[in-house]
Protein chains: 2
Amino acid sequence: MSKFRNKPTLDRAAAMLKALGHPHRLSIFLRLVDCCGAGRCCGTEAEYAACVGDLGADLDIAPSTLSHHVKELRQAGLIRVERNGQRVECGVDLQAVAELRTLLHQFDGVSAVAAKD
Amino acid sequence: MSKFRNKPTLDRAAAMLKALGHPHRLSIFLRLVDCCGAGRCCGTEAEYAACVGDLGADLDIAPSTLSHHVKELRQAGLIRVERNGQRVECGVDLQAVAELRTLLHQFDGVSAVAAKD
DNA sequence: GCGAAACTTCGACATATATCGAAATATAGC
DNA sequence: GCTATATTTCGATATATGTCGAAGTTTCGC
């Protein structure tokens, strides 16, 4: 628990989880994570991995809806976007991923109980 | 990405994240995780850690609202509840936590990029 | 059996979300 | 400048969510 007793921290974490709590956005985010992994297909900055259009490729949603979801992810702090010509490139926000990892570490104690079973 | 390309798996993960994506529910869940950790304050089954009332202690919400949130967490598969006398005891669902951990492992590749910075 | 304690269910309400299509904006290439 | 491509903004709409208070359900202890 520790730092998540802090209200702003808790709220921010909840906002990130909420943003990921939609199949389309989770899918978009995972694809981005996938693109960023192992230095593959990353742009010049190594931080930007795919453009908005690529992320919604097989999602079967309107461009405006895709744009909306990307905006939600950005506002939650999960991704960063940067215009590059016609394209708008997206990348995972590393700080955000680190925070999510910290949050999930809270659960480590629970596995211990599981092991005890 | 791997298993999260699978639609049911993705949807289930999104449902869990969505359930955690509200400050009150995240708070409730973290408290439960906290209670389960290190074998502290756990009930007879070792799986049930706190009753509904305890979980909403300093949340300042109506009992009916608390009940609603607990139900959401249960329906998302994150917690289990069991009546014990007047109390309804709650416990973290270990399977769910394991799934969340698996999901977060998808992010491990991204840290590698971070380290490269 | 009665009253209190701990929850849940119900009904109402305000607000937020997901979605689309149409129109607007930005950029590249000719 | 004109056109095509990529993306965003806007307005509309349907549905979902968070919240409460009032009433109902279970169970305990007397």
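Here is how names work: the chains are called A, B, and so on, in the same order as the sequence lines, proteins then strands, and each is numbered from 1.
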For residues 68-79 of chain A, dump all side-chain donor-acceptor pairs below 3.5 Å to protein atoms at least two apart in sequence or in another chain.
{"residue": "A/His69", "atom": "ND1", "partner": "A/Arg25", "partner atom": "NH1", "Å": "3.1"}

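- Here A/Leu59 pairs with A/His24, A/Ser27, A/Ile28, A/Ile61 under the side-chain contact (heavy atoms from CB on, under 4.5 Å) rule; sequence neighbours left out.
- Between B/Lys18 and the phosphate of D/dA16, there is no side-chain N or O to OP1/OP2 separation shorter than 4.0 Å.
- Proximity note for A/Val88 (side chain, C-beta onward) versus C/dT9, D/dT8, C/dA16: the nearest is D/dT8.
- C/dA18 atom C1' lies 14 Å from atom CG of A/Leu73, rounded to whole Å.
- Atom CD of A/Glu72 and atom P of C/dT19 are 11 Å apart (whole Å).
- Within the structure, every side-chain polar atom (N or O) of B/Arg87 is placed at least 4.0 Å from both OP1 and OP2 of D/dC28.
- Rounded to whole Å, atom P of D/dT8 lies 14 Å from atom CD of A/Glu82.
- Counting to the nearest Å, the C1' atom of C/dA16 and the CZ atom of A/Arg25 are 11 Å from each other.
- Each ring-ring contact (aromatic ring centres under 6.0 Å, His included) pair with one or both residues in residues 70-97 of chain B, not counting sequence neighbours, would appear here, but there are none.
- Rounded to the nearest 0.5 Å, atoms CZ (B/Phe107) and CG (A/Asp34) are 11.0 Å apart.
- Between B/Lys71 atom NZ and C/dA6 atom P there is a gap of 21 Å when expressed in whole angstrom units.
- Among pairs with a residue in residues 49-66 of chain B, those fulfilling salt bridge (charged side-chain N to carboxylate O under 4.0 Å, His left out) read B/Arg31-B/Asp58, at least two apart in sequence or across chains.
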inquiry  = Base contacts versus sugar-phosphate-only contacts with protein, heavy atoms under 4.0 Å: please encode nucleotides 19-26 of chain D as B, S and - from 5' to 3'.
reply    = BBBB---B
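- Shown here are the side-chain contact (heavy atoms from CB on, under 4.5 Å) partners of A/Gln95, two or more places apart in sequence or in another chain: A/Asp93, A/Glu99.
- Scanning for side-chain contact (heavy atoms from CB on, under 4.5 Å) contacts around A/Thr102 gives A/Lys3, A/Phe4, with sequence neighbours left out.
- Considering CG of B/Leu26 and CG of A/Leu10, their distance stands at 4.5 Å, rounded to 0.5 Å.
- Distance A/Glu89 CD to C/dA26 C1': 15 Å, rounded to the nearest Å.
- Recorded end-axis angle for the helix from C/dG1-D/dC30 to C/dC30-D/dG1 stands at 30°, based on five pairs per end and rounded to 10 degrees.
- In this structure, the CD atom of A/Gln75 is 12 Å from the P atom of C/dA18, given to the nearest Å.
- Taking B/Arg87 as the reference, nothing meets the salt bridge (Lys or Arg N to Asp or Glu O under 4.0 Å) condition, with sequence neighbours excluded.
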